[in-house]
K.L.:
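Before we start, here is the structure in question, set down as structure tokens.
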Amino acid sequence: MESFIQIETAWTVFLAACASIVAIGAAVAVIVKLYQWLRKPSRDNEQELEDFRTYLGSDKRRIEALESQQKETNEQNKLMLRGLVMLLGHEIDGNHTEQLIIVRDEIQEYLIAK
């Protein structure tokens, strides 16, 4: 009978240990879930901030490319307008041939440089 009580006591201790392990595991799982839930807004904000940095970097490169292209276009427009003014002046009074040659040379130099 005494061996039955020892087996019963051992079984009770074993079940208590198993219950303790399950309870501790459940508590850890709840704590991990709570930690993840509390960190979610921070992780979401970090990801959104990283996305914004990526977008701003690509936008900056694109804007710089457009600005350089705009400078080049402005230079081309100045040359074309100067040539057009010289042609109009020549058509009106027939003079300005020397200035037409100078403007032509400037336009050729610009085109060769490009």
K.L.:
With salt bridge (Lys or Arg N to Asp or Glu O under 4.0 Å) as the rule and sequence neighbours excluded, what pairs involving residues 79-90 come up?
P.N.:
R82-E106

K.L.:
Can I get a per-line list of side-chain donor-acceptor pairs under 3.5 Å for residues 12-38, giving both atom names and the distance, sequence neighbours left out?
P.N.:
residue, atom, partner, partner atom, Å
T12, OG1, E8, O, 2.8
S20, OG, A16, O, 2.8

K.L.:
Just how far is it from atom CG of L79 to atom CG of N74, taken to the nearest 0.5 Å?
P.N.:
11.5 Å

K.L.:
Taking everything shown except Q70 itself, do over 12 heavy atoms lie less than 6.0 Å from its CD?
P.N.:
no

K.L.:
Rounded to the nearest 0.5 Å, what's the gap from CZ on R43 to CD on E48? Could you check?
P.N.:
14.5 Å

K.L.:
Measure the CE-OG1 distance between M80 and T73 for me, rounded to the nearest 0.5 Å.
P.N.:
9.0 Å

K.L.:
Between atom CG of L49 and atom OG1 of T54, what is the distance when rounded to the nearest 0.5 Å?
P.N.:
9.5 Å

K.L.:
CD of Q69: more than 12 outside heavy atoms within 6.0 angstrom?
P.N.:
no

K.L.:
Main chain of A65, side chain of S68: is a donor-acceptor contact present, judged purely on distance under 3.5 Å?
P.N.:
yes

K.L.:
Once you round to the nearest 0.5 Å, how far does CD1 of I102 lie from CD1 of I107?
P.N.:
12.5 Å

K.L.:
Quick one, R61 and S58 - any side-chain contact, counting heavy atoms below 4.5 Å?
P.N.:
yes

K.L.:
With sequence neighbours excluded, tell me which residues meet salt bridge (Lys or Arg N to Asp or Glu O under 4.0 Å) with K40.
P.N.:
D44

K.L.:
In Å and rounded to the nearest 0.5 Å, what is the CD to CD distance from E50 to E46?
P.N.:
9.5 Å

K.L.:
Within a strict 4.5 Å, meaning less than it, do heavy atoms of the E72 and Y110 side chains meet?
P.N.:
yes

